[in-house]
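The block underneath contains the structure these notes are about, expressed in C-alpha cells.
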Protein chains: 2
Amino acid sequence: MADVKSGANPLFLREEELRQAMELLFFSYRDFTAEPDQILSHYGFGRAHHRVIYFVGRHPAMTVSELLDILRITKQSLSRVLSQLVREDFIQQRPGTEDRRQRLLELTEKGKKLESELIENQRRRIARAYRAAGADAVAGFRTVLYNLMDEDGRKRFDHIETLQPATVRR
Amino acid sequence: MADVKSGANPLFLREEELRQAMELLFFSYRDFTAEPDQILSHYGFGRAHHRVIYFVGRHPAMTVSELLDILRITKQSLSRVLSQLVREDFIQQRPGTEDRRQRLLELTEKGKKLESELIENQRRRIARAYRAAGADAVAGFRTVLYNLMDEDGRKRFDHIETLQPATVRR
DNA sequence: TTTTTACGTCAGCCATATTGACATATATAA
DNA sequence: TTATATATGTCAATATGGCTGACGTAAAAA
C-alpha cells in the first residue's frame with residue numbers, strides 16, 4: 001500500500017513481477033477477446049474474421065498485401081476468411097486505380113454494421129478500464145505496450161507523439 | 001509533445017484512442033507470443049503447451065480442475081495437450097494426498113528446463129519494455145490491464161496490493 | 001448404499017493456421 | 001518488345017487446438 005511502484009522497478013525484474021506481467025497480459029487478452037468471439041459466432045465467424053473486418057475498417061482501400069503484412073499469416077489463410085467475407089457481402093473489392101493488380105478492400109454497409117457492433121463492445125470494456133485506472137495509468141499502459149512490440153511494429157505508431165520515448169519520460 | 005495525457009481522458013474515449021488501445025493490445029500480444037511460439041515449435045509443441053507448462057510451473061501440485069478453470073477450455077482439449085506433455089516427460093502426475101481422485105501436476109526437470117527457456121525469452125522482452133517505459137508507466141500498465149479483465153479474473157490478483165483501486169489512484 | 005466429483009478417453013467436427021505448387025493479370029525493367 | 005517481377009487467387013494436403021457428446025472408473029461424500 002505504501003509504495004505504488006514497489007514492484008515495478010525495471011532494473012530488478014524479479015520473478016514475481018515478471019510472472020505478474022505475463023499473467024496480466026494473458027488474462028486481460030483472454031477476456032478482451034471473449035465477448036467479440038461470442039458475437040462473431042452468431043455470424044459463423046471467428047477471430048480471424050474480426051481482425052480482417054477491423055483492419056479493413058481502419059484503413060479503407062487497403063490492399064491484400066498490406067493486410068497480410070499486418071496479420072502475419074499466409075495468403076492462403078487470409079484467402080479463406082477474406083473470400084468468405086466478400087461472398088457474404090461484408091467486404092467489397094475493387095481494382096486499384098494506379099495499380100490494377102491490386103484489390104482494394106472496403107467494408108460494405110453490412111460490414112460496417114458488424115464492425116460497429118464489435119467495436120462498441122470493446123469500447124465499453126476499454127472505457128471502463130481507463131476510467132477505473134485514471135489518465136496517468138492509461139499513459140503508462142500505452143507506453144509499456146508500445147515498447148513491448150517489435151521495432152517493426154512500433155513504426156506503426158510513430159505518428160503518435162505521446163508514445164515517443166522523449167515525450168513519455170518527463 | 002506538450003501533453004502526455006492528451007489522448008487518455010477516459011471520459012472522452014474518442015475513436016482514435018479506442019482504436020489505439022485495441023491495436024496496441026493486438027500488436028503487442030502478437031509480438032509477445034511470437035518468439036515462444038518459435039521455441040515451442042522445435043519441440044513439436046504449440047501455444048497450448050506453453051500455457052500448461054507455464055501454469056503448472058507457477059502453481060506446483062496444481063490439479064487438473066484448477067488448470068481447466070484458468071485456461072477456460074474443455075477437459076478434452078486439455079487432455080490432448082497434457083497427456084502429450086506427460087508422455088514426453090515434461091510434466092508428471094501424482095495422486096492427491098487428501099483426495100486421491102486428483103492428479104497433482106508438477107514439472108519434471110525436463111519441463112522446468114523448457115519453462116525457463118520460454119520465460120527467459122519473455123523476461124528479456126518485458127525487461128526491455130519496462131526499462132524503456134519507466135516505473136510510473138509500468139504501474140499504469142499493470143493497473144489498466146487489471147481493470148481490463150473480468151471481475152472474475154481480477155480476483156486472481158487480489159493479493160497484490162499495488163493493483164487495488166484504493167492504492168492505485170492517489 | 002447411492003450419488004456426486006475428479007479425471008480420462010473415444011469419436012467426430014470445426015476454425016485457423018501451415019507449406020508447396022501453379023495460374024493470371026499487370027507493372028516494370030532490360 | 002520481351003522478360004521478369006509483383007499482386008492476387010486457388011488447389012491440395014497437413015497440423016493444431018478448440019468444440020460437443022457419450023461413456024467409464026475411482027474415490028469422496030451424503
Side-chain angles (χ1 to χ4, degrees), chain A residues 26 29-30 33-34 36-56 61-88 91-106, chain B residues 26 29-30 33-34 36-56 61-88 91-106:
Chain A
F26 172 73
Y29 199 80
R30 184 193 66 178
T33 51
D37 285 354
Q38 261 308 106
I39 295 170
L40 289 155
S41 73
H42 298 327
Y43 295 83
F45 294 154
R47 202 174 294 178
H49 301 83
H50 188 177
R51 294 193 283 253
V52 172
I53 292 265
Y54 177 84
F55 285 109
V56 172
M62 173 171 248
T63 67
V64 172
S65 320
E66 284 163 356
L67 195 48
L68 286 174
D69 193 53
I70 285 179
L71 300 178
R72 301 232 178 122
I73 59 176
T74 58
K75 64 177 174 173
Q76 294 90 330
S77 297
L78 174 59
S79 167
R80 196 169 1 102
V81 170
L82 182 56
S83 56
Q84 197 180 345
L85 287 167
V86 169
R87 207 180 319 119
E88 298 181 26
I91 285 180
Q92 82 181 78
Q93 298 174 314
R94 56 183 170 82
T97 43
E98 314 256 291
D99 185 337
R100 292 189 312 177
R101 291 170 306 177
Q102 298 177 334
R103 312 284 174 97
L104 305 186
L105 307 172
E106 313 262 12
Chain B
F26 171 73
Y29 199 81
R30 183 194 66 178
T33 51
D37 285 355
Q38 261 307 107
I39 296 170
L40 289 155
S41 73
H42 298 328
Y43 295 82
F45 294 154
R47 203 174 293 178
H49 300 83
H50 188 177
R51 294 195 281 256
V52 171
I53 293 264
Y54 177 84
F55 285 110
V56 171
M62 173 170 252
T63 67
V64 172
S65 321
E66 285 163 354
L67 195 46
L68 285 174
D69 194 52
I70 285 179
L71 300 179
R72 301 231 178 121
I73 57 175
T74 59
K75 63 178 175 171
Q76 294 90 329
S77 296
L78 174 59
S79 169
R80 200 164 359 115
V81 171
L82 182 55
S83 56
Q84 196 181 346
L85 288 167
V86 169
R87 206 180 319 119
E88 298 182 25
I91 284 180
Q92 82 181 77
Q93 298 174 314
R94 57 184 169 81
T97 45
E98 315 254 292
D99 185 337
R100 292 187 311 177
R101 290 172 304 180
Q102 297 177 332
R103 312 281 174 98
L104 306 186
L105 306 172
E106 312 262 12

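All of these numbers come straight from a predicted model, not from anything done at the bench.
Summarising the geometry, the separation between CG on B/D37 and C1' on D/dG17 is reported as 12 Å, rounded to the nearest angstrom.
Taking 3.5 Å as the limit, the base of C/dT26 and the side chain of A/R100 contain no donor-acceptor pair of atoms between them.
Under 4.0 angstrom from either OP1 or OP2 of D/dG9 there lies at least one side-chain N or O belonging to A/Q93. Listed pair B/R103 / C/dG8 meets the phosphate criterion, a side-chain N or O lying under 4.0 Å from OP1 or OP2. The phosphate of D/dA15 (OP1 or OP2) has no side-chain N or O of B/R80 nearer than 4.0 angstrom. For the OP1/OP2 pair of C/dA15 and a distance below 4.0 Å, the side-chain nitrogens and oxygens of A/H49 include no atom meeting the criterion. A/S77 has a side-chain polar atom (N or O) that falls below the 4.0 Å cut-off from OP1 or OP2 of C/dT18. Taking only side-chain nitrogens and oxygens, A/T74 never comes nearer than 4.0 Å to OP1 or OP2 of C/dA17.
For the pair A/R51 (side chain) and B/F26 (backbone), a donor-acceptor distance under 3.5 Å is absent.
Nucleic acid contact class of A/E66 (heavy atoms, under 4.0 Å, all strands): none. No engagement by B/S83 is indicated, since no non-hydrogen atom pair under 4.0 Å with the nucleic acid exists.
Distance from the side chain of B/S79 is smallest to C/dT9 among C/dT18, C/dT9, D/dC19. In the set C/dT9, D/dG17, C/dA21, C/dA21 carries the atom at the smallest distance from any side-chain atom of A/Q76.
In this structure, NE2 in B/H49 is found 12.0 Å from CG in B/D37, a value given to the nearest 0.5 Å. To the nearest 0.5 Å, the span separating CZ on B/R47 from CG on B/L40 amounts to 9.5 Å.
The only member of A/T63, A/V86, A/L82, A/V52 that meets side-chain contact (heavy atoms from CB on, under 4.5 Å) when paired with A/L105 is A/L82.
Comparing B/V64 and A/R47 along DNA chain C, the residue whose closest nucleotide (by nearest heavy atom) sits nearer the 5' end is B/V64. Where B/Q84 and B/K75 each meet DNA chain D at their nearest nucleotide, the meeting point lying more 5' is that of B/Q84.
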